[in-house]
Amino acid sequence: AKGLLKSLQCELNRIMLEQKPELALTEKTNFNIAAVLELISTQYMNKISIEMLAEICHMSEAHFRRVFLSTMGTSPLRFINGVRIEHACELLLTTNNSILEIAEAVGFTTISSFNRYFSQIMGVSPREYRTPSKRKDVKPEHKRIVQYSGWTKAEDLAAKKPH
């Protein structure tokens, strides 16, 4: 989970650098929100308030929102929902749980908000995402959120290189 979170953070930073170089991550901002990112990655399924996140960083809510936005390139709520949707994608593909059960398992309180955020982030509904023929309709900019397959061992890389 930590590796995936760091990969997401690096990808967001790369995108931000392309669009707005002045928003590049700094060590100070990384340190300020590192604990929040850790909390989100492990507690995404629970209720997470902006007040609680700001308190962890010892900031006011307004300042926390500004720092988070400038660091991650998105609002705290959108980031939390992105993490939730990422986990929902995994559950949609690996379980037979109902969409309602998955929505609740990843922290959404209503099926309508889950469906809305899922469609907004992934470009297809949860039901369509579960259907292999429809999954190809996932927008390319959203597809990378679930393409992570873990770290590759050095031996695997050596085996793949042509000799």
Side-chain angles (χ1 to χ4, degrees), residues 1-19 23 25 30 33-50 52-53 56 64-65 68-162:
K2 285 183 183 180
L4 183 57
L5 188 60
K6 286 291 185 188
S7 295
L8 179 61
Q9 186 178 15
C10 289
E11 182 67 17
L12 287 171
N13 191 40
R14 183 188 64 73
I15 292 167
M16 283 186 345
L17 280 172
E18 289 173 358
Q19 295 174 357
L23 294 181
L25 297 178
N30 272 338
I33 66 165
V36 165
L37 296 177
E38 179 70 22
L39 178 99
I40 292 169
S41 72
T42 60
Q43 299 298 316
Y44 63 88
M45 71 293 292
N46 298 320
K47 183 174 170 46
I48 301 174
S49 70
I50 302 303
M52 177 177 64
L53 299 178
I56 290 169
F64 171 75
R65 287 177 198 270
F68 195 94
L69 180 62
S70 70
T71 302
M72 299 304 294
T74 189
S75 72
L77 181 60
R78 281 184 175 219
F79 185 83
I80 293 166
N81 286 333
V83 171
R84 288 174 173 162
I85 295 301
E86 183 178 329
H87 287 280
C89 287
E90 183 179 325
L91 292 173
L92 285 166
L93 296 179
T94 60
T95 70
N96 290 323
N97 295 351
S98 72
I99 293 173
L100 175 60
E101 290 171 326
I102 291 172
E104 291 172 346
V106 298
F108 285 93
T109 55
T110 66
I111 190 74
S112 62
S113 63
F114 173 70
N115 285 331
R116 183 176 60 252
Y117 277 111
F118 194 96
S119 296
Q120 186 179 35
I121 291 173
M122 299 305 295
V124 294
S125 72
R127 182 178 303 157
E128 291 171 327
Y129 185 81
R130 211 172 218 174
T131 308
S133 63
K134 295 282 188 175
R135 203 171 314 121
K136 69 181 186 323
D137 295 335
V138 173
K139 296 176 186 175
E141 63 267 20
H142 298 302
K143 198 181 271 188
R144 75 174 138 240
I145 195 169
V146 291
Q147 285 182 334
Y148 177 77
S149 60
W151 299 105
T152 304
K153 295 179 183 174
E155 308 88 61
D156 294 341
L157 288 175
K160 289 180 183 177
K161 285 185 180 178

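Throughout, residue positions are numbered sequentially from 1 according to the sequence presented. Here the structure is a predicted model, which means the values were calculated and not measured.
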Work out which heavy atom in Ala88 is nearest to a heavy atom in Phe114; give both atom names and the distance. CB-CE1, 3.6 Å
Heavy-atom closest pair, residues Gly82 and Ile121: CA-CD1, 3.8 Å
Which value, rounded to the nearest 0.5 Å, describes the distance between Arg78 atom CZ and Ile85 atom CD1? 12.5 Å
Nearest heavy-atom contact between Leu69 and Ser75 is CD1-N, 3.9 Å
State the CD-CG distance between Glu128 and Leu92, to the nearest 0.5 angstrom. 12.0 Å
Residues that Leu100 engages under side-chain contact (heavy atoms from CB on, under 4.5 Å), provided they are two or more places apart: Ser98, Glu104, Ile111
With rounding to the nearest 0.5 Å, note down the distance linking CG in Leu37 to OG1 in Thr42. 11.0 Å
Separation between CG of Asn81 and CD of Gln120, rounded to the nearest 0.5 Å: 8.5 Å
Minimal non-hydrogen separation, Met45 against Ala105, with atom names: CB-O, 3.1 Å
Contacts of Asn96 meeting side-chain hydrogen bond (donor to acceptor under 3.5 Å, both in side chains) (sequence neighbours excluded), chain-then-number -> none
If you measure from CD1 on Ile33 to OG on Ser70, what distance do you get to the nearest 0.5 Å? 8.0 Å
Given Ser113, which of Asn115, Thr109, Thr110 fulfils the side chain to side chain donor-acceptor pair (under 3.5 Å) condition? Thr110
Distance col, row Tyr129:OH vs Ser119:OG, nearest 0.5 angstrom, shows 13.0 Å
Applying side chain to side chain contact (heavy atoms under 4.5 Å, CB included) to Phe64 and Val36, what does each step give before you reach the verdict? CA-CA 10 Å; Phe64 171 75; Val36 165; 3.9 Å; yes
Looking at every heavy atom in both Ile102 and Arg130, which two are closest together, and how far apart are they? CD1-NH2, 3.5 Å
Heavy-atom closest contact (Ile48 atom, Arg84 atom, distance): N-NH2, 4.3 Å
According to the interplanar angle, ranging from 0 to 90°, do the rings of Phe108 and Tyr117 count as parallel (below 30°), tilted (30 to 60°) or perpendicular (above 60°)? tilted
